[in-house]
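Numbered from 1 within each chain, the chains take letters A, B, ... in sequence-line order.
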Amino acid sequence: MKAASASGERPRDDSAAPNFIADIVDEDLRTGKNGGRLQTRFPPEPNGYLHVGHAKAICLNFGIAEKAPGGLCNLRMDDTNPLAEEAHFVEAIQEDVRWLGFDWGDRLFFASDYFERLYECAVTLVKKGLAYVDSQTPEQIRENRGNYYKAGVDSPFRDRSVEENLALLEKMRRGELKEGEAVLRAKIDMAHKNLNFRDPLIYRIRHAAHHRTGDAWCIYPMYDFAHPLSDAFEGVTHSLCTLEFENHRPLYEWFLEHVGGFDPVPRQIEFARLNLTYTVLSKRKLQLLVNEKHVAGWDDPRMPTIAGMRRRGYLPESIRAFCERIGVAKRDNQVDVALLEHKLREDLNAHCPRMMAVLRPLKVVIENYPEGEVEYFEAQNHPEYPERGTRKIPFSRELYIEQDDFMENPPKKFFRLSPGQEVRLRSACLITCREVVKNDAGEVVELRCTWDPDSRGGSPKDGRKVKGTLHWVSAAHAVRAEVRLYDRLFNAEDPEGDEDKHFLEHLNPSSLEVLSECYVEPTLAEASVGERFQFERLGYFVVDPDSAPGRPVFNRTIGLRDSWAKVAAKA
RNA sequence: UCCGGUGUCGUCUAAAGGUAGGACAAGGGACUUUGAAUCCCUGAAUCAUGGUUCGAAUCCAUGCGCCGGAACCA
């Protein structure tokens with residue numbers, strides 16, 4: 001079976017993982033719950049960039065919505081905290097979700113769009129005697145909440161009259177109270193085992209400008225209040241979130257029930273967030289990497305952010321395939337980053353045209369090739385898809401090969417160049433190493449070789465077997481390029497895993513290596529930003545936005561699998 | 001000392017009382033004008049102890065481990 005179609009689209013993974021949420025949704029659809037309606041939402045807070053963990057949630061929410069005809073997934077910015085959120089994150093989030101391949105149609109929503117409605121819901125609760133304005137200090141509130149083992153104690157303001165509460169809430173809204181002077185709380189049970197039920201806060205005062213509503217409000221709703229209601233306003237049927245909200249679900253349901261009047265009533269279902277080996281996926285820590293300049297920015301190609309992965313050269317379909325492959329469950333997990341890399345290589349292999357590039361050049365002079373002469377060999381653009389055509393690559397007396405492809409004293413099983421050895425130059429011909437030229441320091445600076453003119457195209461006339469094949473470029477024709485070799489950002493499998501070691505101590509000091517004197521075949525001179533290639537025998541590379549005309553910059557997305565490295569390491 | 005959740009190959013994840021399967025990783029081999037890709041093969045798991053049952057990963061009981069929870073964050 002072919003791994004991919006001729007068009008280079010990623011292979012359909014028919015073993016697409018079932019998951020417990022899909023099962024629940026299927027069952028709801030089967031029994032006609034919600035009148036057959038199906039609606040989800042992806043609700044990021046615009047206080048940072050999306051990362052691959054969010055991609056899991058995005059794929060889940062948009063994927064689930066496709067289970068029913070007419071199923072929808074909204075994009076909703078959960079912007080209820082003006083201190084944390086910024087408009088430019090809103091833009092970045094949309095770009096990332098779109099790039100991943102998802103479409104929310106005209107349903108981009110903001111929790112802040114609902115501020116007036118949410119306020120009315122709060123008034124409803126007050127009128128029902130289910131919410132009150134508490135004038136304790138933040139410290140008192142915290143103190144009186146109790147702890148895991150000890151019940152909380154009622155606020156002295158808990159039994160204010162409805163009228164008084166209404167008046168006070170109005171004062172809060174009008175800005176007549178200072179921050180911390182009062183909050184609106186639900187009146188539930190200060191002794192509840194679930195601490196979320198100990199009179200949770202509904203509104204707090206923030207005399208701060210909001211990125212969308214400006215100064216229109218100085219009270220802002222809390223997540224536990226705003227989220228279920230926003231879901232209900234939009235007609236969300238299944239509200240999917242991560243495990244840390246499990247303890248909040250009863251409260252989610254409480255607000256919906258007591259505000260009342262919603263149909264459908266959304267149901268919250270929790271799943272385990274993604275953890276990846278050698279990776280950090282907490283917004284706070286990613287922020288730290290950016291702020292302390294351990295990376296160049298949110299879109300640094302080493303970052304697990306969607307923006308970083310995009311710049312690194314990831315294909316969105318690889319990320320989607322990965323998310324499908326890892327499944328959705330409730331147990332904690334730490335997925336091997338190798339699985340992500342596998343999905344990446346799978347798509348890149350099918351997608352990328354082959355090219356030749358020499359990263360660490362070693363000069364080769366073909367002694368029996370006339371000076372000044374040039375001939376062109378035809379190279380396939382993709383060995384698995386001949387229909388993608390060929391290109392001409394120039395060959396001349398002076399070439400560059402990779403330094404790693406020569407060893408003066410090779411170990412056994414080294415199939416590359418060494419004195420007296422014959423190798424094939426990819427798509428070109430056979431050459432034999434005749435002489436090694438060294439500098440005063442004893443370093444190999446040049447190889448004198450001869451070629452077999454009867455091996456044009458790469459196959460010798462006499463049919464002799466040649467095991468090694470090297471990539472190369474013609475010195476006179478090659479284009480100089482900068483290549484950035486990226487490796488994993490952390491060299492510990494679980495960088496957040498030790499208690500005695502800060503995650504920054506696990507930073508990989510060689511996560512970026514910049515090579516400024518690389519030579520790529522002439523075809524690559526016109527490559528445009530974002531174009532991806534396989535540099536044969538090296539890996540997959542993408543043209544970085546830092547490229548200038550005539551001076552391309554390539555990012556290594558990921559190397560090819562390298563079984564020789566394993567053999568060599570063992571020896 | 002509390003509440004909630006969760007324990008299946010090294011890692012993810014299936015198996016809704018009936019052969020513990022797949023993918024990645026690992027190891028071996030075939031093929032090869034990329035030591036790539038592809039193909040074939042191998043090893044590898046039900047937290048523990050009891051119970052119910054013809055039959056238990058699945059049901060029950062007890063124990064243990066791990067994760068989350070006491071922001072005017074989400």
Side-chain angles (χ1 to χ4, degrees), chain A residues 1-3 13 15 17-19 23 43-45 47 78 80-81 83-85 134 137-138 141-142 145-152 179-180 182-185 192-198 201-206 219-220 222-224 226-227 241-250 270 272 274 277 283 325-343 345-346 349-350 354 356 379-380 383-384 413-416 424-430 455 457-459 466-471 493 534-539 559-568:
Chain A
M1 204 213 297
K2 209 55 169 163
D13 192 345
S15 62
N19 69 62
D23 291 346
E45 183 187 13
N47 68 343
D78 215 342
T80 57
N81 181 0
L83 268 24
E85 296 135 12
D134 193 353
T137 64
I141 289 176
R142 206 175 311 129
R145 187 153 29 223
N147 59 37
Y148 297 147
Y149 316 110
K150 202 178 94 211
E179 286 186 17
V183 291
L184 184 72
R185 299 179 75 175
H192 203 106
K193 295 282 195 194
N194 182 342
L195 272 56
N196 294 130
F197 269 57
R198 322 249 260 225
L201 273 61
I202 295 175
Y203 271 99
R204 78 287 216 190
I205 299 168
R206 285 282 172 273
I219 59 173
Y220 293 91
M222 302 288 290
Y223 168 89
D224 282 321
H227 204 86
C241 64
T242 44
L243 250 26
E244 66 269 29
F245 294 103
E246 204 147 25
N247 293 329
H248 295 244
R249 192 194 330 132
E270 311 83 15
L274 170 69
T277 56
K283 235 182 218 177
R325 183 72 258 175
I326 58 175
V328 178
K330 293 192 76 161
R331 66 185 90 97
D332 295 315
N333 60 81
Q334 187 167 39
V335 177
D336 193 338
V337 73
L339 181 55
L340 212 210
E341 295 173 345
H342 165 77
K343 284 296 173 189
R345 287 195 182 100
E346 188 171 74
N349 176 49
R354 272 48 176 175
M356 289 205 284
Q380 274 196 308
E384 290 169 50
K413 298 276 199 105
F414 184 81
F415 305 138
R416 285 117 95 144
R424 174 168 28 245
L425 295 182
R426 175 73 164 158
S427 306
C429 60
L430 266 26
S455 66
S459 304
V466 174
K467 187 91 177 159
T469 300
L470 311 186
H471 58 278
E493 193 167 291
Q534 184 197 96
F535 291 170
E536 294 210 50
R537 303 210 308 134
L538 294 173
L560 255 26
R561 291 190 60 185
D562 188 355
S563 55
W564 165 244
K566 286 181 196 171
V567 175

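A:L560 comes within 4.0 angstrom of a nucleotide base, judged by non-hydrogen atoms across all strands. Contact annotation for A:S427: base contact, defined as any heavy-atom pair under 4.0 Å involving a base atom. Among the heavy atoms of the strands, none lies under 4.0 Å from A:K283. Within 4.0 Å (heavy atoms only), A:F414 reaches at least one base atom of the nucleic acid. Among the heavy atoms of the strands, none lies under 4.0 Å from A:K150.
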For nucleotides 9-12 of chain B, list the nitrogen or oxygen atoms of the protein found under 3.5 Å from its nitrogen or oxygen atoms, one pair per line.
from, atom 1, to, atom 2, distance (Å)
B:U11, O3', A:Q334, O, 3.3
B:U11, O2', A:Q334, O, 3.0
B:U11, O2', A:D336, N, 3.4
B:C12, OP1, A:Q334, N, 2.9
B:C12, O2', A:I326, O, 2.9

Between N or O atoms, less than 3.5 Å apart, protein on one side and nucleotides 70-74 of chain B on the other: list the pairs.
from, atom 1, to, atom 2, distance (Å)
B:A70, N7, A:Y148, OH, 2.8
B:C72, OP2, A:R145, NH2, 2.6
B:C72, O2', A:R206, NH2, 2.6
B:C72, N4, A:P138, N, 3.3
B:C72, N4, A:G180, O, 3.0
B:C73, OP1, A:R206, NH2, 3.2
B:C73, OP2, A:R204, NE, 2.9
B:C73, OP2, A:R204, NH2, 2.7
B:C73, O3', A:R204, NH2, 3.2
B:C73, O2', A:N81, ND2, 3.2
B:A74, OP1, A:T80, OG1, 2.7
B:A74, OP1, A:R204, NH2, 3.0
B:A74, OP2, A:Y223, N, 3.1
B:A74, O3', A:D78, OD2, 3.1
B:A74, N6, A:H248, NE2, 3.3

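Projected onto RNA chain B by closest heavy-atom contact, A:V466 and A:A338 fall at different nucleotides, the more 5' of which corresponds to A:A338. Nearest-nucleotide mapping onto RNA chain B: of A:N194 and A:A565, the residue sitting toward the 5' end is A:N194.
In terms of polar N and O atoms assigned as donor or acceptor, the side chain of A:R561 never comes within less than 3.5 Å of the base of B:G35 in a complementary pairing. The base of B:U34 is paired with the side chain of A:Q534 by a donor and an acceptor separated by under 3.5 Å.
Between the A:R142 side chain and the A:T137 main chain, no donor and acceptor come within less than 3.5 Å of each other. Panel note: side chain A:D134, backbone A:L184; no donor-acceptor pair is recorded below 3.5 Å. When atom types are taken as modelled, the side chain of A:E85 and the backbone of A:N81 share a donor-acceptor pair closer than 3.5 angstrom. Between the side chain of A:D336 and the backbone N or O of A:L339, no donor-acceptor pair lies under 3.5 Å.
Considering only side-chain N and O atoms, A:R249 lies nowhere under 4.0 angstrom from the phosphate OP1 or OP2 of B:G4. Residue A:T469 places none of its side-chain N or O atoms closer than 4.0 Å to OP1 or OP2 of B:U32. For the OP1/OP2 pair of B:U34 and a distance below 4.0 Å, the side-chain nitrogens and oxygens of A:H471 include no atom meeting the criterion. In terms of phosphate contacts, A:K566 brings a side-chain nitrogen or oxygen within less than 4.0 Å of OP1 or OP2 of B:G27.
Of the nucleotides present, B:U6 is the one that pairs with B:G65 by Watson-Crick or G-U wobble criteria, both distances under 3.5 Å.
Using a cut-off of 4.0 Å between Lys/Arg side-chain N and Asp/Glu carboxylate O, A:K330 and A:E246 are scored as salt-bridged.
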